[in-house]
Amino acid sequence: MDKNTILGFVLIALIVIGFSQLTKKSDKEIAQEKRYSDSIALVQQNRIEDASKVATGAVSKDSLAVNDSTSKANKADAFGDFSASAQGVEKFFTLENELVKITLSNKGGRIYSVQLKKYAKKDSLNISHPLILFDAKESTMGFTFVTTNNRVLNSSNLYFEPVSAITKDAKGNQTIILRLKTTGQAYLDFAYTLPVNNYMVSFGLKANGMNTVMPAGTNSLDMQWAAKIRQQEKGRKFEDRYSSLQYKYVADDVEKLSESKNDDKKLTNRVKWIAFKDQFFSSILIADDALSSTSLKSTLENENSGYLKDYTAEMSVPFDPTGKMPTTFRMYFGPNQYKILSAIDNGAKADSELQLNKLIPLGWGIFGYVNRFAIIPMFNFFSMFMSNFGLIILLMTVVIKLVLFPLTYKSYISSAKMRVLKPEIDEINARIPADKAQERQKATMDLYGKVGVSPMSGCLPTLLQMPILFAMFSFFPSSIELRQQSFLWATDLSAYDSIMQLPFTVPFGFGNHISLFCLLMTATNIVFTKLNMANTPTNDQMGGGMMKWMMYLMPLMFLFMFNNYASGLSYYYFISTLISIGQTYAIRSTVDEEKLLAELHAKRLSKKPVKKSGFMSRLEKMQQEQQKAIKNRK
């Protein structure tokens, strides 16, 4: 072994030893971690003992709040400067406006429960109950901080005191300040303000002299927020599909955890907001600055639990213990309504990058644009003049079909041209053997080229209609305006319209019920398919029989797919298909197929060359290249 090798090993050893010494925890850090563990263990033990005493009836909850099982000496040791706030009696305060009722608790200084006053939850008997987003058992929020004597505490275990009664300003905005006191002059205020006619509550932390009870250099707090998401709607499977934990980076787009499985993620970039979302309602925490070191977790709940998912968020928030710079948030508790969320996004220059309206799944790409700039404005326009959403959907369908009528007409004429040419196509097939498929196809394309018919001209109008069909597929299940709105036999246009409950569950997503609008949609689709197949020429030698079978199978697939979907969507497709059938019969009555055939023959006999479409030109070029390749192989 030479000197250089020995020197290399020595240097590596020195680096390893130096790195281990630099990263070694100090005695102070070890003591702090031990106190943190002891504090957590003490709190957990107290909770277990309290729950056991309440369950056995040994003591009441109120007496537990006053006579804590831990002695005053232990409290002082566990909570240090905050021992004065370690005991108390839980009290409640209510901020309420026309839209929302928010109950606060002095224990933890947190939001205890939220009720949305304009909405209701209906049970299996169709009886309405107040819509509660969450209550104390289903939600937690707290801030973890360290004191100068190495206590690690969480605000959720401490008792706050109201500075004064709830106050109202000249505009009617309500404010309450809950104060967390220490044994000295330092304190921490939690301030809540609920504006008039608004779902957004302002929430701020403001310290006073907390630098005297916190370690020097403290500039952040660890924040925890968790909630169980209640099942609020009729169909759990469908509601679960649209429930997710979503978030937005400060300088990036909106993202989410998986809706269909347990998921978690650690975020390294700064986060602007976090949303605990279900199908129609959300609880959103918006940081006026930003959230950092964020960890998110979404856990699926048992189907019989009454909950959809369990969301957890842990993050770090900026904090000034001197009180010069308060830590402020806004919290939105309300509906996932495009108009409301867009108004928040556009309400101030600072909110222009919130993009809260992206919580509503309107479809990606062109489908989302169709919804934002066509479907939603039309829906809102008709809603200004009528409140019957079944009639609104009917009017929207009529308008859409009228706008698309030129494309429908062009598609029908293209099919009619190919239909009147079928005898000549049959003659080509009879003249050219089936084993000469390329020659047969070339002769057919030559015929189409001479008369100016493009096989794609009938498909393109249909393809151009697809963005609207897919846009509506996203619009109806996410439109809260349809929630609990009845029409005919459907009691809720945002859920399935069950007319019969089955004693068993049909597989492949059908479920244990039968939806009438879905049945009607399927029936009209079968009729429309039959009508289209009669109007469209097929070649059995080129798979026409298989094509017919597939076309009739699709409506049956839709029956299984849409049986659990929003009845408003099935109703729209039913009306749309019914109008399409009427349009087809109306166009057929105005088209003279003999005259159309004569016009095609006139084009063929005309000396003026028929301009080939781009599709026909590319197809001919491909055929020529293929034939050349076959000759070269020979």
Side-chain angles (χ1 to χ4, degrees), residues 100-103 111-140 199 225-246 256-263 274-284 296-313 332-337 359-361 476-486 490-498 501-502 505 509-513 515 562-569:
V100 64
K101 179 180 180 181
I102 298 176
T103 302
I111 296 177
Y112 184 90
S113 67
V114 174
Q115 176 189 346
L116 302 183
K117 298 168 66 175
K118 296 290 185 180
Y119 299 92
K121 177 182 178 180
K122 292 187 177 180
D123 58 22
S124 57
L125 300 176
N126 208 35
I127 299 174
S128 295
H129 301 276
L131 194 147
I132 307 296
L133 281 186
F134 59 82
D135 60 20
K137 298 179 297 183
E138 301 158 349
S139 178
T140 60
Y199 289 105
W225 181 35
K228 290 181 178 291
I229 305 303
R230 292 189 177 194
Q231 182 182 344
Q232 307 279 13
E233 311 306 325
K234 184 177 180 180
R236 176 188 175 88
K237 182 178 179 181
F238 201 71
E239 184 181 7
D240 197 43
R241 186 181 304 171
Y242 282 85
S243 300
S244 62
L245 192 162
Q246 301 196 22
K256 62 182 178 180
L257 300 187
S258 173
E259 304 97 329
S260 57
K261 63 181 181 180
N262 295 340
D263 195 9
I274 298 170
F276 292 174
K277 174 186 175 295
D278 66 17
Q279 184 178 4
F280 291 124
F281 306 99
S282 288
S283 301
I284 310 173
L296 304 175
K297 186 176 181 180
S298 173
T299 307
L300 303 180
E301 289 285 340
N302 186 280
E303 287 192 9
N304 300 319
S305 65
Y307 300 102
L308 300 170
K309 295 180 174 74
D310 189 348
Y311 297 145
T312 302
Y332 175 87
F333 302 107
N336 301 329
Q337 187 172 8
L359 286 171
I360 304 172
F476 282 104
S478 59
S479 176
I480 192 173
E481 290 87 351
L482 300 180
R483 182 179 183 270
Q484 297 182 358
Q485 295 294 327
S486 60
T491 57
D492 187 345
L493 287 171
S494 70
Y496 57 81
D497 55 314
S498 175
Q501 204 71 21
L502 302 176
T505 299
F510 188 86
N512 61 351
H513 63 274
S515 300
F562 286 90
N563 194 57
N564 281 299
Y565 266 61
S567 56
L569 179 62

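Excluded from the calculations below are hydrogen atoms, water molecules and symmetry mates; all remaining heavy atoms, backbone and side chain alike, are included. Note that the numbering runs from 1 along the sequence shown for the chain.
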| said: If you count heavy atoms of other groups shown closer than 6.0 angstrom to NZ of K118, is the number above 12? | reply: no
| Just wondering, more than 12 heavy atoms not from K121 lying within 6.0 Å of its NZ? | yes
Can you name the nearest heavy-atom pair linking [X] to [Y], along with the distance?
X    : Y    : answer
P335 : F281 : CA-CD2, 3.7 Å
A490 : L493 : CB-CD2, 4.3 Å
F134 : S283 : CE2-OG, 3.8 Å
V114 : I102 : CG2-CG1, 4.4 Å
K277 : Q279 : NZ-O, 4.2 Å
L131 : Y119 : CB-O, 3.6 Å

Are the side chains of [Y] and [X] in contact, using a 4.5 Å heavy-atom criterion?
X    : Y    : result
I111 : F333 : yes
S494 : F476 : no
T491 : D497 : no
Q232 : I132 : no
V100 : K117 : no
L359 : Q246 : yes
L296 : I274 : yes
L569 : F562 : yes

Can you tell me how far apart [atom1] ([X]) and [atom2] ([Y]) are? Round to the nearest 0.5 Å.
X    : Y    : atom1 : atom2 : answer
Y242 : K237 : OH    : NZ    : 12.5 Å
K101 : L133 : NZ    : CG    : 14.0 Å
L257 : S244 : CG    : OG    : 8.0 Å
N564 : S515 : CG    : OG    : 6.5 Å
R230 : D278 : CZ    : CG    : 11.5 Å
N302 : L308 : CG    : CG    : 12.0 Å

Taking only Lys NZ, Arg NE, NH1 and NH2, and the carboxylate oxygens of Asp or Glu, determine whether [X] and [Y] approach each other closer than 4.0 Å.
X    : Y    : result
D240 : K309 : yes
E301 : K228 : yes
K256 : E259 : yes

| request: Please check if the distance between the ring centroids of F276 and Y311 is under 6.0 Å. | output: yes
| task | For the residue pair N336 and S282, confirm or rule out a side-chain donor-acceptor distance under 3.5 Å. | result | yes
| said: Between Q231 and E239, do the side chains contain a donor N or O and an acceptor N or O under 3.5 Å apart? | reply: no
Do side-chain atoms of [X] reach the backbone of [Y] as a donor and acceptor pair under 3.5 angstrom?
X    : Y    : answer
S128 : A120 : no
D263 : S258 : yes
N262 : L300 : yes

| query | Which is it for F280 and S479 under the side chain to side chain contact (heavy atoms under 4.5 Å, CB included) test, yes or no, and what are the steps along the way? | reply | CA-CA 8 Å; F280 291 124; S479 176; 5.8 Å; no
| message | Working note: E303 + R236, criterion salt bridge (charged side-chain N to carboxylate O under 4.0 Å, His left out); need CA distance, chi angles, decisive distance, verdict. | response | CA-CA 8 Å; E303 287 192 9; R236 176 188 175 88; 5.0 Å; no
| field | Verdict with reasoning, E233 to F238, per side chain to side chain contact (heavy atoms under 4.5 Å, CB included) | value | CA-CA 9 Å; E233 311 306 325; F238 201 71; over 6 Å; no
| message | Against the six-membered ring of Y496, is K234 placed for a cation-pi contact (under 6.0 Å from the centre, within 45° of the normal)? | response | yes
